[in-house]
Amino acid sequence: MGDAAEPWVLHVDLDEFIAAVEVLRRPELAGLPVIVGGRGDPTERAVVSTASYAARTYGIGSGMPLKLAARKAPPDAVFLPVDAPTYEAASEQVMAALRDLGVVVEVLGWDEAFLGVTTEDPEAFARRAQEAVLASTRLHCTVGIGDNKVRAKIATGFGKPRGIFRLTADNWVEVMGERPVIDLWGVGAKVSKRLAAHGITTVDQLAAAPREVLVAEFGPRMGVWYGDLGRGLGPAVVDDSPWIARGHSRETTYQHNLTTPEQVTAAVRELAAQVADDAAREGRPVFRVTLKVRYAPFVTKVVGRKLPEPTRDPGAVVAAALALTDRLEPGREVRLLGVRAELVMPEAGDPAERTPVRGRL
DNA sequence: TCTGGGGTCCTAGGACCC
DNA sequence: TCTGGGGTCCTAGGACCC
């Protein structure tokens with residue numbers, strides 16, 4: 001193995017993060033099936049944010065409706081409400097521990113980060129990262145090692161839990177070649193189906209697919225991107241510049257459908273006021289407002305409008321959201337409402353520089 | 001089973017302009 | 001006289017991720 005220091009991408013991913021944070025403050029929950037989601041009431045409309053490994057053995061996982069999780073859960077299962085501020089704080093601690101290693105840290109979410117590391121022994125560095133996180137937070141993590149972000153991210157899955165796995169051009173085909181395309185980061189159920197219609201089901205087949213076929217099916221950017229994904233190709237630059245959101249949104253699924261226009265108006269007003277607040281706190285003007293509605297049983301529409309000119313006035317944001325309610329279909333029961341504000345970027349970067357990526361590679 | 005909330009980016013089509 | 005070609009802006013819809 002390498003004697004020379006080389007650049008590596010490490011992907012650090014906390015193990016059962018949210019459940020683990022909950023167990024930290026309630027040690028008596030250790031080893032139990034812990035399910036965190038919504039307000040912690042499994043009779044409500046909500047989904048599982050994280051299930052502990054013990055809960056996963058019952059087939060409970062992220063994204064599953066709480067009602068269904070309750071049916072699968074054993075009697076000793078514990079349902080807890082999502083406590084975002086606490087996870088935020090734990091996440092900050094994790095990221096701080098990683099930054100203390102003296103490397104570039106690109107935060108991907110509460111429980112994930114890429115590290116840009118130049119080292120002759122990435123496994124040793126990965127162990128150091130795990131130890132640092134554990135010492136600082138008592139949380140365990142898995143580290144994927146790659147020669148780019150795609151491979152590092154996918155490598156993590158093979159290291160779970162608490163492990164380390166290396167995935168590079170050298171072992172890509174051996175490790176991933178026979179696997180279904182849906183195992184790739186950025187390929188979901190829909191794309192997987194569309195690929196299957198072209199006889200493409202494995203990573204090897206995707207890698208070998210003619211570019212024209214993929215471009216014809218998915219367009220010039222995504223087609224090329226999927227082809228690269230099949231070969232494990234992707235960006236390797238880890239960027240720690242601060243994240244600037246393009247917009248902010250607030251949405252609510254109502255426990256009971258809204259049935260009257262008055263209810264809808266009041267709800268939109270409330271959501272829009274929150275969004276206007278979020279925007280105001282950043283001091284950035286809003287240039288577009290969108291209204292999302294989910295009609296019963298589960299039909300989602302989004303309507304939006306660019307404002308005549310960008311505004312910092314919260315009242316204008318609320319007014320724009322309310323104006324959009326004219327475009328809702330009258331008489332339909334509403335399950336969810338959401339308002340989103342798009343914000344003027346401080347310094348619009350060159351769009352040609354953008355990489356087409358899912359999940360912010 | 002009955003489906004959260006907060007994000008990102010891409011694509012397609014129509015309008016408009018030269 | 002059966003129909004340009006390109007570019008940009010805007011909106012809606014779709015897909016994916018944590």
Side-chain angles (χ1 to χ4, degrees), chain A residues 11 13-14 16-18 36-50 59-73 81-82 84 87-88 91 107-113 149-150 153-154 156 181-182 184-195 215-226 229 243-255 271 274-275 278 287-294 296-308 324 327 335-343 345 351 354-361:
Chain A
H11 178 253
D13 194 308
L14 279 287
E16 51 176 2
F17 176 65
I18 290 175
V36 184
R39 296 191 284 198
D41 179 347
T43 68
E44 290 194 342
R45 288 176 172 173
V47 299
V48 176
S49 289
T50 298
I60 298 168
S62 303
M64 175 179 290
L66 239 41
K67 283 177 187 168
L68 175 56
R71 240 168 276 139
K72 292 174 172 275
V82 173
Y87 314 142
E88 201 99 44
S91 176
V107 177
L108 277 190
W110 276 344
D111 63 343
E112 277 182 54
K149 288 175 166 177
V150 167
K153 167 79 184 178
I154 294 172
T156 303
V181 291
I182 202 164
L184 295 167
W185 187 36
V187 175
K190 298 297 169 79
V191 168
S192 169
K193 274 225 171 67
R194 284 168 74 181
L195 286 168
V215 167
E217 178 65 36
F218 298 106
R221 292 179 81 91
M222 297 315 290
V224 171
W225 168 252
Y226 290 132
L229 216 45
W243 175 249
I244 300 167
R246 299 191 172 266
H248 291 298
S249 65
R250 295 290 186 122
E251 65 182 60
T252 304
T253 293
Y254 300 98
Q255 289 305 319
L271 292 165
Q274 289 176 356
V275 166
D278 296 337
F287 72 92
R288 190 180 157 76
V289 174
T290 60
L291 176 65
K292 173 170 164 182
V293 57
R294 183 123 70 209
F298 205 79
V299 182
T300 308
K301 304 272 183 201
V302 178
V303 294
R305 203 169 52 157
K306 190 173 192 273
L307 302 179
L324 289 169
R327 296 205 247 153
R335 177 192 171 94
L336 167 150
L337 287 171
V339 174
R340 174 175 168 81
E342 284 170 58
L343 307 177
M345 291 302 274
R354 278 199 321 241
T355 333
V357 242
R358 319 237 80 136
R360 280 167 53 196
L361 262 191

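We name chains A, B, ... by the order of the sequence lines, and we start the count at 1 in each one. Since the structure is predicted, the reported quantities are computational estimates derived from the model, not experimental observations. Side-chain atoms are counted along with the backbone in the values below, which use heavy atoms only and exclude waters and symmetry mates.
Nucleotide B/dG7 holds its P atom 9 Å from the CG atom of A/L343, rounded to whole Å. Atoms CE (A/M64) and P (C/dC18) sit 17 Å apart, rounded to a whole Å. The CD-C1' distance, from A/Q255 to B/dT3, rounds to 13 Å in whole Å. B/dT8 atom P lies 14 Å from atom CZ of A/R288, rounded to whole Å. Atom pair A/F218:CZ and B/dT11:P shows a separation of 11 Å (rounding to whole Å applied). In this structure, A/W185 atom CH2 and C/dA15 atom C1' are separated by 15 Å, rounded to whole Å.
C/dC18 has no stacking from A/W110 on its base ring, since the centres under 5.5 angstrom apart and planes within 30 degrees of parallel are not both found.
In this structure, A/H11 and A/E112 have side chains that are in contact, with non-hydrogen atoms separated by less than 4.5 Å.
Counting any heavy atom pair closer than 4.0 Å across all strands shown, A/G247 reaches sugar-phosphate atoms only and no base atom. Note on A/R194: nothing from the nucleic acid sits closer than 4.0 angstrom, heavy atoms only. The residue A/A69 sits apart from the nucleic acid: no heavy atom pair falls under 4.0 Å. In this structure, A/V302 reaches the sugar-phosphate backbone alone: every heavy-atom distance under 4.0 Å involves primed, P, OP1 or OP2 atoms, never a base. The residue A/G219 sits close only to the backbone: its heavy atoms come under 4.0 Å of sugar-phosphate atoms, none of a base. Residue-level contact check: A/L66 touches neither bases nor backbone, having no heavy atom under 4.0 Å from any strand. Residue A/V82 is classed as having no contact, given no heavy-atom separation below 4.0 Å to the nucleic acid. Residue A/T290 is classed as having no contact, given no heavy-atom separation below 4.0 Å to the nucleic acid.
One finds no side-chain N or O of A/R327 lying less than 4.0 angstrom from the OP1 or OP2 phosphate oxygen of C/dT11. OP1 or OP2 of C/dG14 has not a single side-chain nitrogen or oxygen of A/K301 nearer than 4.0 Å. One finds no side-chain N or O of A/R305 lying less than 4.0 angstrom from the OP1 or OP2 phosphate oxygen of C/dA12. Residue A/K306 places at least one side-chain N or O under 4.0 Å from the OP1 or OP2 atom of C/dC10. Side-chain nitrogen and oxygen atoms of A/T253 include at least one within less than 4.0 Å of the OP1 or OP2 phosphate oxygen of B/dG5. Contact between the side-chain N/O atoms of A/K190 and the OP1/OP2 oxygens of C/dA15 is found at a separation under 4.0 Å. At B/dT8, one or more side-chain N or O atoms of A/R340 fall inside 4.0 Å of OP1 or OP2 (strictly under the cut-off). Between A/R246 and B/dG6 there is no side-chain N or O to OP1 or OP2 distance below 4.0 Å. Between B/dG4 and A/R39, no contact under 4.0 Å exists linking OP1 or OP2 to a side-chain N or O.
Map A/H248 and A/R294 each onto its nearest nucleotide of DNA chain B; the residue landing nearer the 5' end is A/R294. Along DNA chain B, the nucleotide nearest A/S249 and the nucleotide nearest A/V48 are compared for position; the residue whose nucleotide lies closer to the 5' end is A/V48.
Panel note: side chain A/R335, backbone A/V299; no donor-acceptor pair is recorded below 3.5 Å.
Under the Watson-Crick or G-U wobble criterion, with both distances below 3.5 Å, C/dC18 is paired with B/dG5.
When the nucleotides B/dG7, B/dG4, C/dC18 are ranked by their closest atom to the side chain of A/R335, B/dG4 comes out on top.
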